[in-house]
Amino acid sequence: MQGRLIYLMGPSGSGKDSLLQAARAPLEAHGCRFARRVITRSAESVGEDALGVTPAEFERLEGEGAFALSWRANGLAYGIPREIDDWLSAGQDVLINGSRGHLEAARQRYPQLLAILLQVDEAVLRRRLLARGRETPEQIEQRLARSRGFSTVGGASAATVAQEHICVLDNSGPLPQTVSRLLQLLDEARQCA
Ligand SMILES: Nc1ncnc2c1ncn2[C@@H]1O[C@H](COP(=O)(O)OP(=O)(O)O)[C@@H](O)[C@H]1O
Ligand SMILES: O=P(O)(O)OC[C@H]1O[C@H](OP(=O)(O)OP(=O)(O)O)[C@H](O)[C@@H]1O
């Protein structure tokens with residue numbers, strides 16, 4: 001049986017990267033794989049363990065078909081390596097750090113994907129982004145403005161979320177609580193699959 005693509009998305013600062021790190025060990029114990037993203041961001045940047053490449057290298061890789069999914073946002077290009085298709089074909093679930101803007105395109109390629117929207121209110125987001133210190137205050141405001149622009153998934157209403165089959169996961173509380181909820185959500189999804 002084909003594995004399931006778990007597409008984690010949410011505003012900048014909502015905690016996607018922290019959650020991926022914290023949930024990694026328990027999920028790997030269940031056979032779930034994690035994709036390392038390729039990003040045109042310098043390797044020294046704080047945060048996820050991504051492969052940093054130049055825009056020219058990214059274009060070359062994309063042209064060679066190295067990515068299962070790729071998109072542009074925040075002035076950067078992001079790619080998910082094609083090896084996830086081998087993992088999925090081998091029946092393994094794969095968790096990726098996705099983009100709200102690319103959800104529809106991702107669904108076209110992976111109709112069975114499980115979309116999870118990590119949510120935190122804007123004041124908390126701004127505080128967390130400033131504390132993280134990876135972006136300038138101006139870039140942080142641009143990211144918050146980008147989130148406001150997602151009328152369908154960003155600050156989505158419950159009805160929209162239900163209609164679009166998106167599971168909302170709140171990360172306003174302590175991270176371990178969010179990890180437990182994620183594991184529970186994935187268990188429930190497995191039972192429904
Ligand atoms: N539940 C949480 N409680 C407090 N701080 C958090 C929580 N989740 C994430 N953070 C912090 O918020 C900041 C943004 O988290 P990060 O994982 O980088 O978000 P994203 O990858 O979605 O942009 C980081 O400094 C992180 O340590
Ligand atoms: O369409 P959106 O949902 O806005 O997402 C755009 C991009 O921003 C995030 O990446 P990145 O790691 O650069 O930013 P973040 O860690 O600040 O979320 C996310 O993982 C997407 O790659």
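Whatever order the structure lists them in is the order used to number ligands and atoms, beginning at 1.
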Per atom 8 (N) of ligand 1, closest listed option by heavy atom (Val120, Thr178, Asn171): Asn171
Nearest atoms (heavy-atom pairs only) where Leu69 meets Ala106: CD2-CA, 3.9 Å
Plane angle bin for Trp71 and Tyr78 - parallel if under 30°, tilted between 30 and 60°, otherwise perpendicular: parallel
Glu141 atom CD: more than 12 heavy-atom contacts under 6.0 Å: yes
Heavy-atom pair with the smallest gap, counting every atom of Gly13 and Leu125: C-CD2, 3.4 Å
Of all pairs that satisfy salt bridge (Lys or Arg N to Asp or Glu O under 4.0 Å), the ones with a partner from residues 51-67, not counting sequence neighbours: Glu59-Arg72, Arg60-Glu64, Glu62-Arg72
Arg143 atom CZ, neighbour heavy-atom count above 12 within 6.0 Å: yes
Ser172 near ligand 1 by a heavy-atom separation under 4.0 Å: no
Test of proximity, Leu19 against ligand 1: N or O pairs below 3.5 Å: no
First-shell residues of ligand 2 [heavy atom, distance under 4.0 Å]: Ser12, Lys16, Arg37, Arg41, Glu48, Trp71, Ala73, Asn74, Tyr78, Asn97, Gly98, Ser99, Arg100, Gly101, Arg132, Arg134, Arg143, Arg146, Phe150
Leu129-ligand 1 polar pair, N/O distance under 3.5 Å: no
N/O separation below 3.5 Å, Asn97 to ligand 1: no
Ligand 1 atoms in contact with Ser18 (distance to a heavy atom under 4.0 Å): 9 (C), 15 (O), 16 (P), 17 (O), 26 (C), 27 (O)
From Arg132, Arg128, Arg127, Met9 - option closest to atom 2 (C) of ligand 1 by heavy atom: Arg128
Tyr7 versus Leu103, closest heavy-atom pair with distance: OH-N, 3.5 Å
N or O contact, Ser12 vs ligand 1, cut-off under 3.5 Å: no
Donor + acceptor pair across side chains of Asn171, Thr178 (<3.5 Å): yes
Closest contact, heavy atoms only, Lys16 versus Leu118: N-CD2, 3.4 Å
Donor-acceptor pair, side chain of Arg4 and main chain of Gln112, under 3.5 angstrom: yes
Numbering as shown, the atoms of ligand 1 that approach Pro11 to under 4.0 Å (heavy-atom distance): 22 (O)
Within-cut-off N or O pair, Gly13 and ligand 1, under 3.5 Å: yes
Residue among Arg128, Arg126, Arg127 satisfying side-chain contact (heavy atoms from CB on, under 4.5 Å) with Leu130: Arg126
Contact check, Ser14 vs ligand 1, heavy-atom distance below 4.0 Å: yes
